Amino acid sequence: ILQSFEGKIDVEIPRIEYQGDDPVYSGYRKIEGEVFNRESLAHLQEAEKIQVGKDMAHFLHQMHTVPLADAEKAGYTRKPFMAEAKRKETEEFVRSEFLDEKKRTFLLQMLNQSKEFESAPQKEVALHGDLDLGNMFLDPKTKRLKGVIDFGDAIGDIHRDFFYAPIRDKIMGKAMLEEYERLSGETLSREALQTYVVSRELRFLMRYHKKGDVKLTEEWRRKLEER
């Protein structure tokens, strides 16, 4: 899969140096840089956040221009945003944890709409699938995007590659969307983006609620209450 992007993406991506089958493993050349995490995001200035958002847009635009036929040949397949069992589990969580009828109705509507958008996507592309903190590297001097790891192998609705940035930082997320639209000439559906963002935030909330992490549970509940 990674070989299908060689020479087509400007930032560094994993270059497999060795791999084995028993057990399955692989090793790739180290990508030099600063891991982009919550701490480094918190230290970025506004202009730096905007630039990183634009760099993320450039990366996705280059990835999304790879023909689907080439992606399928490399092993990409159509996979759901949320498995049906997880969707039902999330719906039950919403019904039990959100007692306010207006909020509960809104969240259930978002979950239902994510399924609808996925069944009739605006455009299908080869997705990175997890363009989130921890899977990107910044140049420690320039604070520009330097490398990306942890590629998925799914084809799906283009909007699925854009929900992490708005969740992590509104300034970075806005810059990312606007730059992608400028590069591609396409207009992304803000309704679809909101649907995927809210659905993903619900999954984060459920994860930390199950773990008993009170601090992060309240943090993600607060984010949802702001929607």
Side-chain angles (χ1 to χ4, degrees), residues 1-16 28-68 70-71 74 76 81 122-190 192-194 196-197 200-201 204 223:
I1 288 174
L2 289 170
Q3 290 178 346
S4 65
F5 298 117
E6 287 186 3
K8 300 174 183 177
I9 293 177
D10 291 338
V11 298
E12 293 184 43
I13 62 175
R15 290 184 58 188
I16 302 299
Y28 58 85
R29 187 175 302 175
K30 181 180 179 181
I31 297 176
E32 300 291 346
E34 171 187 323
V35 177
F36 191 25
N37 53 28
R38 289 169 65 117
E39 183 179 356
S40 54
L41 173 60
H43 284 89
L44 291 182
Q45 301 298 314
E46 181 174 336
E48 292 172 331
K49 290 179 179 180
I50 291 173
Q51 186 58 63
V52 171
K54 289 182 176 181
D55 290 344
M56 292 166 68
H58 278 261
F59 162 73
L60 285 178
H61 181 247
Q62 290 177 324
M63 183 169 176
H64 291 169
T65 54
V66 172
L68 288 185
D70 292 350
Y76 274 70
F81 165 68
Q122 174 179 321
K123 180 181 181 180
E124 284 190 315
V125 297
L127 300 164
H128 177 276
D130 198 11
L131 195 61
D132 194 13
L133 302 180
N135 292 334
M136 294 179 280
F137 294 85
L138 301 182
D139 184 305
K141 294 182 179 179
T142 66
K143 303 303 179 184
R144 299 284 301 270
L145 183 64
K146 191 171 188 294
V148 177
I149 61 172
D150 202 20
F151 285 65
D153 59 357
I155 291 172
D157 183 0
I158 188 173
H159 297 91
R160 288 167 55 181
D161 255 345
F162 290 88
F163 54 71
Y164 280 119
I167 288 176
R168 298 303 185 183
D169 187 88
K170 291 180 180 179
I171 293 173
M172 184 173 68
K174 182 174 183 290
M176 178 186 183
L177 293 174
E178 290 178 350
E179 182 67 5
Y180 189 92
E181 290 178 328
R182 185 189 71 79
L183 290 167
S184 65
E186 299 183 50
T187 300
L188 297 175
S189 166
R190 296 312 191 261
L193 287 168
Q194 182 190 38
Y196 286 118
V197 165
R200 179 56 65 185
E201 286 179 335
F204 277 127
K223 285 178 179 289

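All figures in this text were calculated on a predicted structure; none of them were measured in a lab. Residue numbers count from 1 along this sequence. As a basis for the values below, the full set of heavy atoms in this structure was taken, side chains included, without hydrogen atoms, waters or symmetry mates.
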So does [Y] get a backbone contact from the side chain of [X], meaning a donor-acceptor N/O pair under 3.5 Å?
{"X": "Asn135", "Y": "Asp130", "result": "yes"}
{"X": "His159", "Y": "Ser189", "result": "yes"}
{"X": "Gln62", "Y": "Asp10", "result": "yes"}
{"X": "Gln122", "Y": "Thr187", "result": "yes"}

Exercise: identify the closest heavy-atom pair between [X] and [Y]:
{"X": "Ala154", "Y": "Arg160", "result": "CB-NH2, 4.5 Å"}
{"X": "Leu183", "Y": "His61", "result": "O-NE2, 3.6 Å"}
{"X": "Ile50", "Y": "Ala175", "result": "O-CB, 3.5 Å"}
{"X": "Leu127", "Y": "Ile155", "result": "CD1-C, 4.1 Å"}
{"X": "Ile158", "Y": "Val125", "result": "CA-CG2, 3.8 Å"}
{"X": "Ile31", "Y": "Val148", "result": "CD1-O, 4.2 Å"}

Does a side-chain heavy-atom distance below 4.5 Å link [X] with [Y]?
{"X": "Leu193", "Y": "Leu188", "answer": "yes"}
{"X": "Met176", "Y": "Leu131", "answer": "yes"}
{"X": "Asp70", "Y": "Lys8", "answer": "yes"}

Rounded to the nearest 0.5 Å, how far does [atom2] of [Y] lie from [atom1] of [X]?
{"X": "Thr65", "Y": "Leu60", "atom1": "OG1", "atom2": "CG", "result": "10.5 Å"}
{"X": "Asp150", "Y": "Met136", "atom1": "CG", "atom2": "CE", "result": "11.0 Å"}
{"X": "Arg38", "Y": "Arg168", "atom1": "CZ", "atom2": "CZ", "result": "6.0 Å"}
{"X": "Phe204", "Y": "Tyr164", "atom1": "CZ", "atom2": "OH", "result": "4.5 Å"}
{"X": "Phe151", "Y": "His128", "atom1": "CZ", "atom2": "NE2", "result": "5.0 Å"}
{"X": "Glu178", "Y": "Glu181", "atom1": "CD", "atom2": "CD", "result": "7.5 Å"}

field: ring-ring contact (aromatic ring centres under 6.0 Å, His included) involving Phe163 - partner list, sequence neighbours excluded
entry: Phe81

field: Qualifying residues under ring-ring contact (aromatic ring centres under 6.0 Å, His included), relative to Phe137, sequence neighbours excluded
entry: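 Testing Phe137 for ring-ring contact (aromatic ring centres under 6.0 Å, His included), a comparison that skips the adjacent residues, returns none.
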
message: Between Glu179 and Arg182, does the side chain to side chain contact (heavy atoms under 4.5 Å, CB included) criterion hold? Intermediate values first, please.
response: CA-CA 5 Å; Glu179 182 67 5; Arg182 185 189 71 79; 2.8 Å; yes

field: Side chains of Asp161 and His64, donor plus acceptor under 3.5 Å
entry: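 Judged by distance alone, the side chains do pair up.
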
message: Is it the case that over 12 heavy atoms from other parts of the model lie below 6.0 angstrom from the NZ atom of Lys174?
response: no

message: Strictly by salt bridge (Lys or Arg N to Asp or Glu O under 4.0 Å), give each pair with a member in residues 43-54 just once, sequence neighbours left out.
response: Lys49-Asp169

With sequence neighbours excluded, residues passing side chain to side chain donor-acceptor pair (under 3.5 Å) with Asp139: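 Result, side chain to side chain donor-acceptor pair (under 3.5 Å) vs Asp139: none returned.
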
Side chain to side chain donor-acceptor pair (under 3.5 Å) against Glu32, all qualifying residues, sequence neighbours excluded: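 Side chain to side chain donor-acceptor pair (under 3.5 Å) check on Glu32 returns nothing, list empty.
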
field: side chain to side chain contact (heavy atoms under 4.5 Å, CB included) between Lys143 and Glu34, worked out
entry: CA-CA 9 Å; Lys143 303 303 179 184; Glu34 171 187 323; 3.0 Å; yes

query: How would you list all residue pairs meeting ring-ring contact (aromatic ring centres under 6.0 Å, His included) that involve residues 35-57, not counting sequence neighbours?
result: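 Checked against ring-ring contact (aromatic ring centres under 6.0 Å, His included) - neighbours excluded - no pair reaches residues 35-57.
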
